[in-house]
Amino acid sequence: MQSGDKALAVSSPRLSREFYAPDAVEVAPRLLNKVLVHGEVAGRIIEVEAYMGPQDPASHAYGKMTQRNRAMFGPPGHLYVYFTYGMHWCINAVCGPEGFASAVLIRALEPLAGLERMWERRTRARKETDLCSGPAKLSQALGLEGSFDGADLVSADRGVTILDDGVPPPLRPATSGRIGVRAGKQYPWRWFVPGNPHLSRSR
DNA sequence: ACCGGGATGTTCT
DNA sequence: GAACATCCCGGTG
């Protein structure tokens with residue numbers, strides 16, 4: 001652990017397959033305060049959104065399976081990684097039921113470990129709150145991109161996993177509509193830890 | 001602090 | 001050809 005890192009119990013258990021097996025709306029608020037890890041770099045999940053499969057007009061799985069959204073239709077507990085706006089990667093945890101293609105977008109982290117590595121990757125960042133305060137920022141800070149699409153979080157495939165270090169989710173997480181979508185704004189499927197300075201910038 | 005616009009290219013219609 | 005689950009920078013107040 002490097003200086004500046006917050007305490008991280010590296011021996012904490014990984015989330016089980018069953019944790020992801022319910023749909024994204026059930027799983028998303030329970031992912032708050034869990035720890036996303038890639039190698040020696042880690043952050044606490046403080047902001048998430050649920051995308052609910054082929055019926056959800058905001059989801060990349062809307063309508064049918066395509067080459068891009070294939071991982072969402074697979075078993076829960078894997079990563080779905082997508083490329084957007086010509087330069088950014090974002091990551092989801094695929095949820096159940098298998099074939100339903102629901103997934104939770106990870107939108108912000110509180111940096112916990114490997115901050116030196118995050119600063120190296122996030123060359124534009126000027127403050128610690130610039131490191132992981134958005135879905136593309138945190139993917140860059142953790143070094144996650146297209147080659148991680150489909151990685152199994154339960155087995156820590158390719159070094160990526162989510163841990164439960166014993167910090168419970170907030171009793172009353174804050175909610176809002178999803179950010180950056182056109183269709184489907186009416187669903188209150190964004191959850192976040194209120195007051196955390198590492199939340200994504202609002203508009 | 002807030003706001004507006006440009007970057008950049010894959011994906012799907 | 002349009003849309004895009006975003007970010008960054010430079011303007012103004």
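Everything numeric here is computed off the predicted structure, so don't read it as measured data. Chain identifiers are assigned alphabetically (A, B, ...) following the order of the sequence lines, protein sequences preceding nucleic acid strands; residue numbering begins at 1 within each chain.
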- Query: What does A:Tyr85 touch in the nucleic acid at a heavy-atom separation under 4.0 angstrom: a base, only the sugar-phosphate, or nothing?
  - Reply: base
- Item | Whole-Å distance separating the CG atom of A:Leu131 from the C1' atom of C:dC8 | 15 Å
- Which heavy-atom pair separates A:Asp149 from A:Val81 by the least distance, and what is that distance? OD1-N, 3.0 Å
- Exercise: do A:Arg122 and A:Gln140 side chains pair donor with acceptor under 3.5 Å: yes
- Is any side-chain nitrogen or oxygen of A:Arg182 closer than 4.0 Å to OP1 or OP2 of C:dC4? yes
- Cation-aromatic face contact A:Arg190/A:Phe192, 6.0 Å, 45 degrees: yes
- How long is the line joining CZ of A:Arg201 and P of B:dA1, in whole Å? 7 Å
- Item | Interatomic distance, A:Glu145 CD vs B:dT10 C1' [rounded to whole Å] | 15 Å
- Whole-Å gap separating C1' (B:dT11) and CE (A:Met72): 15 Å
- Starting at atom CD of A:Glu47, determine the distance to atom C1' of C:dA5, rounded to an integer number of angstrom. 11 Å
- Query: Separation of A:Met87 atom CE from C:dC9 atom P, in whole Å?
  - Reply: 12 Å
- What is the distance from CH2 of A:Trp89 to C1' of B:dG9, rounded to the nearest Å? 11 Å
- Query: From C:dC7, C:dC9, C:dA5, pick the nucleotide closest to the side chain of A:Arg122?
  - Reply: C:dC7
- Task: For A:Ala58, answer base if it contacts any base atom (sugar-phosphate contacts may also be present), sugar-phosphate if it contacts only those atoms, and nothing otherwise; contact means non-hydrogen atoms under 4.0 Å.
- Result: base
- N/O (side chain, A:His88) to phosphate O (OP1/OP2, C:dC7) under 4.0 Å: no
- Message: Regarding A:Arg68, tell me which of base, sugar-phosphate or nothing describes its non-hydrogen contacts under 4.0 Å with the strands shown.
- Response: sugar-phosphate
- The residue, A:Gly86 or A:Gln140, whose nearest nucleotide of DNA chain C is more 5′ is A:Gly86
- Counting heavy atoms from C-beta on, name the nucleotide in C:dC7, B:dC12, C:dA5 closest to the side chain of A:Thr66. B:dC12
- Task: Measure from the side chain of A:Phe83, starting at C-beta and using heavy atoms only, and say which of C:dC7, C:dA5, B:dT10 lies closest.
- Result: B:dT10
- So which heavy atom on A:Phe73 is nearest to which on A:Glu98, and how close? O-CG, 4.3 Å
- Query: Can you tell which of B:dG9, C:dT6, C:dC9 lies closest to the side chain of A:Cys90?
  - Reply: C:dT6
- For B:dT8, the nucleotide meeting Watson-Crick or G-U wobble distances (both under 3.5 Å) is none
- Message: Applying a 4.0 Å non-hydrogen cut-off, can you work out what A:Lys64 is touching in the nucleic acid: base, sugar-phosphate, or nothing?
- Response: sugar-phosphate
- Starting from P on C:dA5, measure out to CG on A:Leu144 and report it in whole angstrom. 19 Å
- Item | Cation-pi, A:Phe83 ring and A:Arg68 (6.0 angstrom, 45 degrees) | no
- Toward the 5' end of DNA chain C, which comes first, A:Arg126 or A:Ser59, by nearest nucleotide? A:Ser59
- Task: Please check the phosphate of C:dA5 (OP1 and OP2 only) for any side-chain N or O of A:Arg190 closer than 4.0 Å.
- Result: no
- Just name whichever nucleotide pairs with C:dT12, Watson-Crick or G-U, keeping both distances under 3.5 Å, else none. B:dA1
- Message: Using the rule side chain to side chain contact (heavy atoms under 4.5 Å, CB included), only one of A:Asp152, A:Val37, A:Leu79 pairs with A:Thr161; which is it?
- Response: A:Val37
